[in-house]
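These notes concern the structure reproduced below.
Every chain is numbered from 1, with letters handed out A, B, ... down the list of sequences.
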2 protein chains.
Amino acid sequence: MKKIFLKDIANELNLSKTAVSLVLNNRGDENKISKNTQKRILEFAQKHNYRPNQMARGLSLGKSETIGLIVPNISDIFYAKIASHIEYKAKEFGYNVVFSSSNEDAQTEHELISSMLNRQVDGLIIASTQKNQNEILKLKKSNFPFVLIDRHYPDIKTNYVIVDNFGGAKQMTEHLIGQGRTTIGLISIKSELDAMLQRKLGYQVAIKDNGMTPNSRAIKELNFFDYQSEMKKAIKAMVTGAKSVDAIVFTTHYLAASGLRELRSFGIDVPREVAIISFDELGAFDLVDPPISASRQPVKDIGNIAVEILVNQMEDKNEKIDNKRVLKTELLIRKSCGV
Amino acid sequence: MKKIFLKDIANELNLSKTAVSLVLNNRGDENKISKNTQKRILEFAQKHNYRPNQMARGLSLGKSETIGLIVPNISDIFYAKIASHIEYKAKEFGYNVVFSSSNEDAQTEHELISSMLNRQVDGLIIASTQKNQNEILKLKKSNFPFVLIDRHYPDIKTNYVIVDNFGGAKQMTEHLIGQGRTTIGLISIKSELDAMLQRKLGYQVAIKDNGMTPNSRAIKELNFFDYQSEMKKAIKAMVTGAKSVDAIVFTTHYLAASGLRELRSFGIDVPREVAIISFDELGAFDLVDPPISASRQPVKDIGNIAVEILVNQMEDKNEKIDNKRVLKTELLIRKSCGV
DNA sequence: CCAAATAACTAAACCGATTTAGTAAACAAA
DNA sequence: TTTGTTTACTAAATCGGTTTAGTTATTTGG
């Protein structure tokens, strides 16, 4: 069965392309195409498995029924899960998803946004590198529909769906304090990401609020591209010498996993000697030795809400464009912070 | 700065759309557009940040510079990693990636293929449900470029990139035998997937080859959509009663994780009482208690090779279309099978 | 010096849909 | 009987690119 076009249907049925197009777009009634003709068109199209060329359709309509998704890295389980929920929700609304990874690189992100706009995506969902303030401002000014997720620009009014990083980190730290830990370290990623700043802040505020002495030497910020080797040094510095810690807060899952590896290789007993807790988790954190406590992010809600906001915006251009959502994380207490 | 079109450039520079189009597609020289004119066009386009509308371009060229990727589930870390490598490699060749998840549903997969073809993707990479033999045959007959990954149809000659499931499973089982285990169970997913059949076969052949008595009761095949609750029963059946096992082979990572949870809840000492090993792994399998041995799949190679084969096919229609690659898995021995 | 070749372009068709602005025929109202 | 409506359509423009088939002016060869 070879490919069939609108024109073919029109010719075969001795009708115009207009009539066929109208009927196939469910606008036959309002355009007074007779019931009989509608039936003939529908049946013929069905029988020959007609599928409109979406490029032509998109060009004509100026839209593509596609949502662009830009994340730092699709192989990070956190973003993969969000992507999965976004895809699912988008399909409910009739949209496809094109994705790309920026690898935390501002220039790449810039090009991806550009490229997706050229491909006529109808809207964007971006977990930004947060190094493209101007780009995002331009997007906003052009009135193009988009939603930021996971990371947002505090200085720009935009739609966003993020989690309460400050509150989550504060809660984690307070839990450790409640367990009687007195010298709590923080291991994070060296980054301008607001999420990371907020997590550090949450940790610091918890420390101060509880009358403990903040110690900048207890805070290690590792280089993203080299965190594994820097982790070795960071852990060493934290567990040896006079000021060794009795607990560590990790600001993201892969740091916690890597940190635990190093703690083990130094022969540290977790949680007896050092308790640990992680912001966000990996799939098997409950199986790890010891099971790692974590503040879990609501990935499903992040994805669903982002799509809902975006679709609203795309389909009703009057929708306000600073729909802000800050979701709560969920504290999962496991053995790694001392029962 | 407002959007600029080919026509605008032509008008501003007093040239034809043809000239501008040719130059911007790097075909100025071969079409004898003077150096000076080329320079004017290029500079003007650059200065006004001209970006061609890919819908129009795609419609005209009959292609989209896009690869479609269909996987069972993008939130499975295995597919997420493959997706990431595919995206990276595709970009090297100038292609974008659209992805969708079939959720192991044949009908969904069918619709996704259809939808992607309508969107004029230039090629497809599919980790198929393996329930769409006809669909794949049609694709093949239409001469449309595609590559199967992870799962293939043994009865159809197509491009594919898979791993040696039989060999990997056999090797895993043999390792357990080498460790002195004598009653080895298998927990798999109830499925017609060739990959799963091959893994079971590898296990069975290893059992027989080593003079052990195959015992069909030692093989449990769980329902994909309900494996967590069925796991409880399966583990119970395996570790209680007369014929209890001293080792279990899991045919995929999430089964191993789930199985370990259940073994623990039954108070089984892994690996002393029951050793376990998993086909494929999750990110933190080395941190789990005990660290889980696994046969790791070469996700990067799977992605890279799939893209390479596909691009070859897309750009040279004469390329043969049964480029078959079977990659080796890598056995990672950890504590879960008894040091 | 004239015909053929070349350089440097361009007008218009085309890709496959949607949409605007009609039109012809049938019927109703005045 | 003529005008006005309604019904059931259609021709042609349009979206923004690419491409085919020329065109004109200048060189070159014999």
Side-chain angles (χ1 to χ4, degrees), chain A residues 2-42 44-45 48-66 114-115 117-122, chain B residues 2-42 44-45 48-66 114-115 117-122:
Chain A
K2 71 169 190 299
K3 203 139 189 169
I4 187 179
F5 303 107
L6 200 66
K7 191 169 56 176
D8 302 327
I9 304 186
N11 286 343
E12 290 299 313
L13 299 179
N14 272 309
L15 288 165
S16 67
K17 291 201 295 171
T18 310
V20 179
S21 172
L22 289 171
V23 169
L24 292 177
N25 284 288
N26 261 321
R27 288 165 44 201
D29 283 340
E30 67 192 80
N31 285 279
K32 320 196 185 257
I33 307 294
S34 72
K35 284 289 175 201
N36 183 49
T37 302
Q38 294 200 36
K39 192 162 156 254
R40 287 170 62 217
I41 294 174
L42 258 14
F44 191 94
H48 293 78
N49 194 27
Y50 169 72
R51 297 302 200 105
N53 177 318
Q54 296 295 340
M55 290 261 140
R57 193 150 197 276
L59 175 60
S60 197
L61 292 173
K63 61 180 187 179
S64 59
E65 250 110 47
T66 299
S114 210
S115 153
L117 293 182
N118 300 338
R119 278 163 203 269
Q120 309 297 115
V121 298
D122 299 337
Chain B
K2 71 167 188 301
K3 205 143 187 164
I4 188 179
F5 302 107
L6 201 65
K7 191 169 57 172
D8 302 327
I9 303 186
N11 286 342
E12 291 299 313
L13 299 180
N14 272 312
L15 289 164
S16 68
K17 288 202 297 171
T18 310
V20 178
S21 172
L22 288 171
V23 170
L24 292 177
N25 284 289
N26 261 321
R27 288 165 45 202
D29 283 342
E30 68 191 78
N31 285 278
K32 320 193 185 257
I33 307 294
S34 72
K35 285 288 177 203
N36 182 48
T37 302
Q38 293 201 37
K39 189 160 159 256
R40 286 170 64 216
I41 294 173
L42 258 13
F44 191 93
H48 293 77
N49 195 29
Y50 170 73
R51 298 301 199 106
N53 177 321
Q54 297 294 340
M55 291 261 140
R57 192 149 197 277
L59 174 60
S60 196
L61 292 173
K63 60 181 188 177
S64 59
E65 250 110 47
T66 299
S114 210
S115 153
L117 293 181
N118 299 338
R119 280 163 201 269
Q120 310 295 115
V121 298
D122 299 337

Decide side-chain contact (heavy atoms from CB on, under 4.5 Å) for B:V23 and B:L42; before the verdict, give the C-alpha distance in whole Å, the side-chain angles of both, and the deciding distance to 0.1 Å. CA-CA 8 Å; B:V23 170; B:L42 258 13; 3.7 Å; yes

Bend angle of the helix from C:dC1-D:dG30 to C:dA30-D:dT1, from helix axes over five pairs at each end, nearest 10°: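 So the angle between the two local helix axes works out to 60°.
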
Trace of the side-chain contact (heavy atoms from CB on, under 4.5 Å) decision for A:L24 with A:L6: CA-CA 10 Å; A:L24 292 177; A:L6 200 66; 4.0 Å; yes

Summarise protein proximity over nucleotides 5-21 of chain C in one line of letters, 5' to 3': B for base, S for sugar-phosphate only, - for none, counting protein heavy atoms closer than 4.0 Å. --SBBBBB--BBBBBB-

At what distance, to the nearest 0.5 angstrom, does [atom1] of [X] lie from [atom2] of [Y]?
X	Y	atom1	atom2	answer
B:S16	B:N11	OG	CG	10.5 Å
A:K63	B:M55	NZ	CE	12.0 Å
B:N53	A:R119	CG	CZ	11.0 Å

CA sep, side-chain torsions, deciding dist, call: B:Q38, B:D29, side-chain contact (heavy atoms from CB on, under 4.5 Å): CA-CA 9 Å; B:Q38 293 201 37; B:D29 283 342; 2.9 Å; yes

Are a donor atom and an acceptor atom from the side chains of A:S114 and B:R51 found within less than 3.5 Å of each other?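 Looking only at side-chain atoms, B:R51 and A:S114 do form a donor-acceptor pair, the distance falling under 3.5 Å.
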
Rounded to whole Å, please give me the gap between CG in A:N11 and P in D:dT10.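 Rounded to the whole Å, the gap is 11 Å.
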
Could you tell me whether a side-chain N or O of A:N31 sits under 3.5 Å from a main-chain N or O of A:I33, the two making a donor and an acceptor?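 Side chain of A:N31 to backbone of A:I33: no pair is present.
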
